[in-house]
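Contents: one structure, followed by commentary.
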2 protein chains.
Amino acid sequence: MGRRDILIAANKPITHVHFLESGIASEVAATPEGRRIEVCITGREGMIGVPLLLDVDRTPHETFVQIEGDTLRIEAAIFRRLIEDRQSLRRILAHYAYVAHLQTAGTALSNGSHALEERLARWLLMCHDRVDGDEFPVTHEFLSTMLGVRRPGVTTAIHSLEGAGMIKARRSYVQVLDRTKLKAAAGDSYGVPETEYRRLIRSGR
Amino acid sequence: MGRRDILIAANKPITHVHFLESGIASEVAATPEGRRIEVCITGREGMIGVPLLLDVDRTPHETFVQIEGDTLRIEAAIFRRLIEDRQSLRRILAHYAYVAHLQTAGTALSNGSHALEERLARWLLMCHDRVDGDEFPVTHEFLSTMLGVRRPGVTTAIHSLEGAGMIKARRSYVQVLDRTKLKAAAGDSYGVPETEYRRLIRSGR
DNA sequence: TGCGGATTGTACGACATAGTACAGATGCCT
DNA sequence: AGGCATCTGTACTATGTCGTACAATCCGCA
């Protein structure tokens, strides 16, 4: 599963459901005019292909690989049968679908009422949650698309977080140095879906 | 079902699933610090209580009555049994749950990359879709909370739309005069979930 | 009929982000 | 080792929205 691979193409039948073992996938909402913005990210905690769980065969959104990794995938038809037969599987996946909704709602909240620096901190935390180690690849340009802001704005915001000792940036990479401070910088933009995830899914293991 | 009635309280067990016959409900994402912003609205096209469909008993979001109307409600336990027994019901509700996800994602997109005037136009269109007639009650103050912006900003934006002959505003009310123009003003912020709704649900009737 | 709360209109400086442009730095590939 | 595409740093003006304040208007209720 390499970077920029498309796991779910927009408006085409969803062929597989993916469960990531590592790496991160981004769900991007797009409009006919070509605006794009990230609404939800998924790592090994979730599933790629929520529409299939909801009996929807295609979606206007695109899901692609943001950070490369390994994935287990199931063919769509088999997946459908599987959740038909196994209620407990359907149940846990439904819980994840709900957490994904909360994350998307959190993105809406954040985009609408948080400053760039807070939104950036939120985004970095969500990535950090889903990778091994403290460093992951990401460019300012990419971030600007995901957050829906200017690229130089990202550069400035990164400098600000870096100046406060929360992260360390090098070309095409960001390293989280002080997660606690980063959380403080994210303020209340981070945490709601994460808490619910713990309540609904992780606790049930 | 009167204005400001709370249909689903934050972090409390969801007692009922509602199906509106008229009126509109708003789902609001909130943070511990008290930020609030609307992420999704529902009228007679959908259901209130998607979490229960996903086997989730409570949610950090609040859903309240934005425009009064009539509602049919089902007790949570009965609803659970119902969707257990009737796959076709579960199926159609799952489709709606997905449309709600698209709407929430659309809100994230709009909040992140559209100007206030476009966002306001989108919001008015979504309300207009869900009421009988062309007029509905709404104050600038309320809109400012829902959109996550300043109240005077809403006033200005409304004047702008009004000046273009798209709407007519009077105290506590807005009337849609020219839906076509309003759609143009909303640009690509409006339409994606609506199209999918037609594909998935209305076509299946 | 007049009072008072709610709603709307307007103003103004402050500030964040947009849009754009370009130079410098990095690191991969030949 | 050099060339080149990519990425990052910085600058500048323009503009939209913020935060705040206050006046004007509306309308239900005493």
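First the proteins, then the strands, lettered A, B, ... as listed; each starts at 1.
- We find that CD of B:E141 is positioned 16 Å from C1' of D:dC26, with the value rounded to whole Å.
- Counting only N and O atoms by type, the side chains of A:H114 and A:R122 include no donor and acceptor under 3.5 Å apart.
- Checking C:dT10, D:dC7, D:dT10 against every side-chain atom of B:H159, the shortest atom distance belongs to C:dT10.
- Taking the charged nitrogens against the carboxylate oxygens, B:K12 and B:D57 have no contact shorter than 4.0 Å, which rules out a salt bridge.
- In this structure, B:G112 reaches neither bases nor backbone, as no heavy-atom distance under 4.0 Å exists between it and the strands shown.
- We find that NE2 of B:H140 is positioned 19 Å from P of D:dA24, with the value rounded to whole Å.
- Each of C:dA11, C:dT20, D:dT8 was ranked by its minimum atom distance to the side chain of A:P152; first place goes to C:dT20.
- Distance CZ (A:R170) to C1' (D:dT6): 15 Å, rounded to an integer number of Å.
- With hydrogens and angles ignored, no donor-acceptor pair under 3.5 angstrom links the side chain of A:R151 to the base of C:dG19.
- Remark: A:D188 does not engage A:K183 in a salt bridge, criterion side-chain N to carboxylate O under 4.0 Å.
- Atoms CG (A:N111) and P (D:dT17) sit 15 Å apart, rounded to a whole Å.
- A:R150 places its CZ atom 18 Å from the P atom of D:dC7, with the value rounded to the nearest Å.
- We find that CG of A:L116 is positioned 16 Å from P of D:dT17, with the value rounded to whole Å.
- With ring centers used as reference points, A:Y98 lies under 6.0 Å from A:H101.
- Residue-level contact check: B:A115 touches the backbone only, with heavy atoms under 4.0 Å from sugar-phosphate atoms and none from bases.
- Contact of A:R171 with C:dG27 (side chain to base): no donor-acceptor pair of N or O atoms is detected under 3.5 Å.
- Between the side chains of A:E27 and A:T63, no donor-acceptor pair of N or O atoms lies under 3.5 Å.
- A straight line from CG of B:L161 to C1' of C:dT8 spans 16 Å, rounded to a whole angstrom.
- Nucleotide D:dC7 holds its C1' atom 13 Å from the CG atom of A:L143, rounded to whole Å.
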